[in-house]
Amino acid sequence: MLINLLFNGIITGSIYTLISLGFIFAYRSTGAFNFFHGELYMLGAFSGFALHSLLGLPLVVSLPLAILITGLAGIAVERIAIRPLIVAPHYHVIIATAALGLIIRNLVLMQTKGDAKLFPPYLPSSGPTVLDVQLQPQKVLIITLTVVFVLLLHIFFKKTKTGKAMRALVSNLKAASLVGINAGAMQMLTFGLASVLGGIAGILAAPLFVVDAYMGLYMTFKIFCVAVLGGLTSTTGPIVAGYLLGITENLIGGYISSDYQDILSFAIIILVLVVRPSGIMGKKVSQKV
Amino acid sequence: MRNLSFVVLIASLSVALLAGASAGDEPYAIGFNVSLTKTAAIAFQMKSGTELAIEDINGSGGIKGVPLKLLVDDNKLLPTEAVLIAKKTLPGIQATIVGTSGSCFLAVMPIAAEAKVPIFGPGMGTPAVTERANKYVFRTHFNDKIGAYVFVNYLVKDLKLKKIAVVNEDRDYGIGGAAGVNEALSKFGIKPAAEERFSPGMVDFMPIVTRLKRVDLEAIALWGFPNETSIFAKQLREAGVKVPMGGCNALESDKFKDLAGQASNNVFYVSPYFPDPKDAKIQAFIRKFEQRFKTAPDAYAVNCYDTIQIIAEGLRKAGRNKDALRDAIRAIHWKGLNGDLAFDANGDNSRPLHIIGWQDGKRVKATTWDITKLF
């Protein structure tokens with residue numbers, strides 16, 4: 001049983017990591033807590049479903065198109081709710097993005113009428129069993145792609161000019177603009193990237209579960225937990241925290257009771273904020289006054 | 001002089017005709033106090049079955065010439081709203097249908113009793129509604145607790161299984177169902193092999209599935225709604241647990257079958273309704289319904305159709321006399337589409353229940369259980 005729980009924890013952790021990475025990028029490039037981000041997970045899944053099952057487009061078209069839609073949605077949110085409020089107090093952005101999230105969730109709810117929908121499977125559903133673990137192709141894909149993306153992002157940020165520019169922006173917005181980095185374009189790019197990650201997470205996870213209007217809201221709580229646990233100032237933080245949360249949830253669900261699975265993420269948020277607000281990997285940040 | 005008497009004649013004839021007409025022609029009003037918005041799919045089926053029955057009855061002359069009229073209200077699944085509607089409409093109607101949640105029905109019950117209006121639940125499975133000694137309550141669906149008893153009897157007596165796990169959602173529906181299953185199991189002297197609970201909205205059942213895999217299981221009693229039970233079924237089957245499971249009526253829905261796909265095989269539900277291809281009466285009804293409403297009827301539609309027929313029969317015998325109507329309905333033995341309906345003192349009916357399984361997307365009847373022969 002342990003190995004099954006660990007395997008499943010790694011799968012869940014991968015999804016949490018993919019989405020949370022996007023959230024952290026967005027936060028660090030704009031300082032904005034984007035409460036719309038969780039909905040990108042839902043939007044990716046719903047777009048994939050709608051394009052294929054409602055509009056009849058083949059999967060090779062609907063999946064990339066769904067990712068594109070998600071990316072564009074994220075950029076739109078940045079333009080509508082984040083950029084105009086950049087000088088306003090933080091909670092303005094939180095409320096604005098949460099409101100947009102509410103709108104998109106209800107638009108989807110109107111379409112689905114509260115019914116869950118089946119996401120079109122794009123991989124066979126059964127795989128070889130190794131060490132008592134069923135290696136379903138979808139699950140293997142999730143782990144593989146998460147590792148690939150994390151590596152690609154690492155290379156992107158460390159080796160490419162754009163990546164370095166983004167890091168500069170995140171580190172010090174004023175200084176970055178002074179050396180000629182186009183802050184506006186960079187922020188848009190960061191948001192696009194973050195949203196694409198969120199959408200991909202949705203498309204990867206949906207075949208394992210169902211497409212449902214509330215799946216984004218559910219994920220928002222997890223994102224928050226991972227962000228707080230991993231520390232908002234760290235890039236490796238969300239990765240460690242994402243997997244830690246996924247594995248712990250499954251171990252608790254398996255050995256104690258599934259009743260406590262969801263409570264865990266909330267308990268962690270409270271505990272971390274009380275004991276170590278900068279998170280397990282974050283640096284203690286203080287501002288000179 | 002002749003003109004005047006002619007006018008008087010016409011006038012008095014008109015008055016006589018109008019008086020006669022108004023006394024006899026006022027339709028019998030039936031209330032429809034259902035959640036049209038929050039439970040749109042169920043409400044659609046219920047309303048369609050009701051409307052079809054009323055059309056059929058009015059089409060063949062009504063009740064001794066008096067037509068039936070339906071008063072439709074949306075209670076938005078809120079007990080407070082259902083009560084407001086009841087207070088407004090009950091004084092002027094002969095009988096009412098209330099849905100879609102137990103709490104709405106329970107809230108309206110005392111008002112119906114005070115107004116002496118029979119209240120029907122064609123979609124009402126909540127056991128509590130027939131446990132309040134309310135003489136005006138008539139359940140034309142089946143009692144969920146009895147449904148649980150029936151499913152356990154099927155597993156234990158017919159399939160000779162003993163190692164049964166109970167998996168349920170943690171809202172009223174699931175908790176009530178699990179309680180019924182556990183009661184039935186204890187009557188057989190059996191303890192559940194495992195007990196698991198899930199929350200609405202849950203999508204990751206792997207911890208539950210992993211735990212169930214380690215238990216020596218022969219069957220699973222499952223109580224929840226399609227959004228969750230379909231994923232549970234999929235993840236359970238993928239993990240290699242193939243035992244028969246099911247029991248709750250919510251698994252009857254096409255939504256469950258569509259979401260679960262192949263995982264719906266070997267999943268059973270209890271229902272008074274089985275669209276038997278060999279039953280000419282049911283097939284004729286299905287065709288008529290499909291032609292009128294462009295979709296197949298489900299148990300709710302059929303229950304509503306039978307309900308209206310029963311109300312009509314009561315009205316035929318008792319007219320507008322409230323006490324007589326209530327007593328007439330209780331004395332009815334109705335050969336409905338959904339089996340023979342007769343009410344006991346509590347308002348429950350003794351219709352046999354079918355246990356139906358999903359097999360490759362089709363409903364296959366496993367057996368029919370006489371609910372007077374339990375345990």
Side-chain angles (χ1 to χ4, degrees), chain A residues 1-12 15-16 45 53 112-121 124-127 129 132-136 138-139 205-215 217-219 221-222 246 249-263, chain B residues 35-44 77 167-170 174-175 194-215 224-241 250 253-264:
Chain A
M1 170 148 120
L2 177 65
I3 195 155
N4 264 299
L5 292 173
L6 285 174
F7 181 63
N8 206 53
I10 292 173
I11 306 291
T12 323
I15 300 289
Y16 291 162
S53 306
T112 63
K113 297 189 176 49
D115 294 339
K117 302 285 178 190
L118 202 59
F119 192 90
S125 61
S126 55
T129 306
D132 198 35
V133 174
Q134 242 235 6
L135 291 175
Q136 278 172 284
Q138 190 73 30
K139 295 187 175 174
L208 287 178
F209 313 122
V210 287
V211 178
D212 145 58
Y214 290 99
M215 59 197 283
L217 183 63
Y218 180 76
M219 201 47 77
F221 295 119
K222 307 286 174 174
E249 271 184 356
N250 274 273
L251 289 176
I252 289 194
Y255 286 115
I256 306 178
S257 162
S258 20
D259 288 343
Y260 300 115
Q261 245 177 281
D262 284 338
I263 301 175
Chain B
S35 172
L36 301 175
T37 36
K38 290 275 174 63
T39 53
I42 296 175
F44 170 76
L77 213 62
V167 179
N168 61 285
E169 58 136 33
D170 57 17
I175 294 175
E195 285 174 284
E196 297 288 347
R197 263 186 323 276
F198 58 88
S199 323
M202 193 146 139
V203 290
D204 192 1
F205 292 90
M206 286 315 293
I208 296 181
V209 165
T210 312
R211 268 204 301 279
L212 287 173
K213 249 191 103 151
R214 305 175 84 213
V215 180
F225 292 103
N227 281 8
E228 292 88 25
T229 49
S230 57
I231 312 177
F232 171 72
K234 271 206 300 203
Q235 293 178 353
L236 188 75
R237 299 311 195 203
E238 271 159 18
V241 181
S253 147
D254 274 338
K255 250 192 288 188
F256 169 78
K257 176 224 3 166
D258 291 334
L259 286 172
Q262 283 289 95
S264 63

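Here is the naming used below: chain letters follow the sequence lines, and residue numbers restart at 1 for every chain.
Of the inter-residue distances, the one linking B:Met202 atom CE with A:Phe209 atom CZ reads 10.5 Å to the nearest 0.5 angstrom. Between A:Lys117 atom NZ and B:Asn227 atom CG the span is 9.5 Å, to the nearest 0.5 Å. If you take CG on A:Asn250 and CE on B:Met206, they are separated by 8.5 Å, rounding to the nearest 0.5 Å.
Both the backbone and the side chain of B:Thr210 come within contact range of chain A, each with at least one heavy atom under 4.5 Å from a heavy atom of that chain. B:Arg214 touches chain A through its side chain: at least one heavy atom from C-beta onward sits under 4.5 Å away, while N, CA, C and O do not. Using a 4.5 Å cut-off between heavy atoms, A:Leu208 contacts chain B through its backbone alone, with no side-chain atom that close. Only the side chain of A:Thr12 comes within contact range of chain B, judged by heavy atoms closer than 4.5 Å. Interface residue A:Asp115: backbone and side-chain heavy atoms are both found under 4.5 Å from chain B. With a 4.5 Å cut-off on non-hydrogen atoms, B:Glu196 touches chain A through its side chain but not through its backbone.
What you find for A:Gln136 and B:Glu238 is that their closest heavy atoms are NE2-OE1, 2.8 Å. Here the closest heavy-atom approach between residue A:Gly253 and residue B:Pro207 is recorded as C-CB, 3.5 Å.
Within residues 253-262 of chain B, the residues having any heavy atom under 4.5 Å from a heavy atom of chain A are, by residue number, B:Lys255, B:Asp258, B:Leu259.
Per-residue heavy-atom pair counts under 4.5 Å with chain B were compared for A:Val210, A:Leu5, A:Leu118, and the maximum is reached by A:Leu118. Counting heavy-atom pairs under 4.5 Å between each of A:Ala116, A:Ala205, A:Ser126, A:Gly9 and chain B puts A:Ala116 at the top.
Atom OH of A:Tyr255 has more than 12 heavy atoms from other residues, nucleotides or ligands within 6.0 Å. By the neighbour-count criterion of 12 heavy atoms within 6.0 Å, atom CZ of B:Arg211 is densely surrounded, having more than that number from other residues, nucleotides or ligands.
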- Given side chain to side chain contact (heavy atoms under 4.5 Å, CB included), test A:Asn8 with B:Asp204 step by step and report yes or no. CA-CA 9 Å; A:Asn8 206 53; B:Asp204 192 1; 3.4 Å; yes
